[in-house]
Amino acid sequence: MTERDDWLAALPKAELHLHLEGAIPLPALFELVQAAGGDPAVPTVEALRARLTYPDFPAFIDSWIWKNGFLRTYDDFAFIAEAVAADLARQNIRYAELFFSPGRFADRGLTPARLAEAIRSGFDRVPEATLYLIADLVRDLGPDHAAVTLAEVVEVAGDAGILGIGIGGSEHLHPPEPFAPVYEAARKAGLRTSAHAGEAAGAASVRGAVEALRVDRIGHALRAEEDEAVVDLLAETGVVLELCPLSNLATGVIGRIEDHPVRRYWERGLNVTVNTDDPGMFHNSLAGEYAVLMDVFGFSRAEIRKLAAAALEGAWCGPEEKAGLRLLFAA
């Protein structure tokens with residue numbers, strides 16, 4: 001490691017766009033595969049890493065579904081939660097908010113409330129990192145299903161540390177507008193809001209997330225710049241952007257990392273944060289994301305510190321907790 005790499009590793013960091021099911025460290029995922037009877041295609045951890053490489057976004061989704069097949073019980077979720085928490089602590093990621101997608105596991109008889117409780121039990125075994133949850137309502141299942149999931153999530157939000165909601169899934173097939181009543185209900189219940197937008201669909205999806213869903217944050221927002229008026233809207237509202245450059249490269253949403261708008265958004269004054277999305281599936285890290293920003297886009301160390309601070313400012317924890325974390329990040 002270089003001195004720069006050591007600095008990035010030691011820097012206190014925060015993640016706002018991180019999927020629990022996509023952040024499972026490879027050794028932990030391999031253990032789940034083996035516990036389920038194994039898979040001839042992945043006899044080793046190295047083979048598993050190769051299995052989690054994608055020519056395009058549909059291939060990534062196929063691998064996501066394959067991987068989810070090994071998450072079958074509440075104990076499995078407690079296990080991966082502890083493994084992910086330990087991995088975050090190892091990277092000096094001191095604060096993170098993680099999406100979990102309960103609707104994806106309803107066919108296994110797993111309820112949102114008990115899933116959240118199991119995940120919390122895993123997190124609590126690793127006190128070195130402060131971790132909260134965001135419930136992904138899964139747009140593919142429709143707004144009615146999202147409303148049911150929301151109602152169950154609200155019941156345990158306080159005990160399980162659920163701060164907000166989001167919608168991931170097939171953005172190009174399910175625009176944000178039909179979910180507006182669910183988002184309004186979430187706000188009334190005291191939850192914050194995010195939405196994946198501008199990843200698999202264009203600038204209109206980003207506009208819909210801002211104007212119809214009235215989100216606090218947007219995941220990806222990669223394609224907002226296809227419409228300059230939407231970029232203006234992001235600047236005017238100050239909505240926090242959860243950018244994920246290496247994720248977008250890994251799924252083929254962009255062909256070259258140089259094409260990512262992170263630097264243009266930063267210079268435009270948008271409220272930018274940088275995140276890993278699914279590091280267990282993309283083999284990236286937050287320190288690695290920051291290294292790319294420095295190597296490819298010319299970000300300075302001072303700018304990287306500002307990005308880390310921006311992630312903390314965009315976090316949904318309470319003001320007293322955030323004040324304490326500010327001191328840690330400023331050290």
Side-chain angles (χ1 to χ4, degrees), residues 1-18 20 23 84-99 123-124 126-134 161-164 192-194 215-219 221 234-235 237-247 260-277 279 284-331:
M1 293 179 66
T2 67
E3 184 273 334
R4 193 275 306 276
D5 293 334
D6 289 338
W7 179 80
L8 288 172
L11 183 72
K13 297 177 283 290
E15 285 248 30
L16 301 183
H17 192 105
L18 179 64
L20 174 71
V84 170
D87 192 53
L88 293 173
R90 177 187 60 79
Q91 299 175 64
N92 208 25
I93 295 174
R94 306 301 294 270
Y95 180 94
E97 296 170 5
L98 294 94
F99 291 98
F123 286 167
D124 287 346
V126 185
E128 294 84 359
T130 299
L131 306 177
Y132 289 102
L133 284 170
I134 303 170
I162 301 172
L163 298 184
R192 305 295 293 273
T193 61
S194 180
V215 292
D216 301 301
R217 301 196 313 235
I218 292 178
L234 295 177
T237 59
V239 63
V240 176
L241 304 183
E242 307 159 354
L243 302 186
C244 307
L246 291 179
S247 163
H260 198 278
V262 56
R263 185 84 218 187
R264 294 188 292 276
Y265 286 0
W266 175 265
E267 293 177 350
R268 179 67 173 77
L270 303 189
N271 200 344
V272 169
T273 70
V274 170
N275 310 270
T276 59
D277 198 10
N284 57 333
S285 68
L286 191 51
E289 297 276 352
Y290 287 163
V292 166
L293 296 185
M294 299 176 82
D295 292 341
V296 177
F297 298 101
F299 278 75
S300 67
R301 292 193 183 192
E303 288 173 323
I304 295 298
R305 279 193 171 276
K306 288 180 180 179
L307 278 171
L312 183 58
E313 292 307 312
W316 293 337
C317 60
E320 291 185 7
E321 187 170 26
K322 188 175 289 189
L325 287 164
R326 284 194 192 105
L327 295 176
L328 174 66
F329 275 53

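A donor-acceptor distance shorter than 3.5 angstrom exists from the side chain of Thr193 to the backbone of Asp216, with no hydrogens or angles considered. Side-chain N or O atoms of Lys13 include none that pairs as donor or acceptor with a backbone N or O of Leu88 at under 3.5 Å. Side chain of Glu289 to backbone of Asn284: no donor-acceptor contact under 3.5 angstrom is found.
Of all heavy-atom pairs spanning Pro245 and Asn275, the tightest one is CD-O, 4.3 Å. Shown here for Leu11 and Ile304, the closest heavy-atom pair between the two residues is CD2-CG2, 3.8 Å. Looking at every heavy atom in both residues, Val84 comes nearest to Ala23 through CG2-O, 3.5 Å. The two residues Leu270 and Leu241 make their nearest non-hydrogen contact at CD1-CD1, 3.8 Å. Here the shortest heavy-atom pairing between Tyr265 and Ala221 reads OH-O, 2.8 Å. Minimum heavy-atom separation, Ser285 to Gly288: OG-N, 2.9 Å.
For Phe299 and Trp266, the ring centers are positioned less than 6.0 Å apart.
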Please tabulate, for side-chain N and O atoms in residues 311-320, each donor-acceptor pair with protein atoms closer than 3.5 Å (sequence neighbours left out).
unit_1	atom_1	unit_2	atom_2	d
Glu313	OE1	Arg326	NH2	3.1
Glu313	OE2	Arg326	NE	2.6

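Exactly one residue among Arg217, Glu242, His17 makes a side-chain hydrogen bond (donor to acceptor under 3.5 Å, both in side chains) with Ser194. That residue is Glu242.
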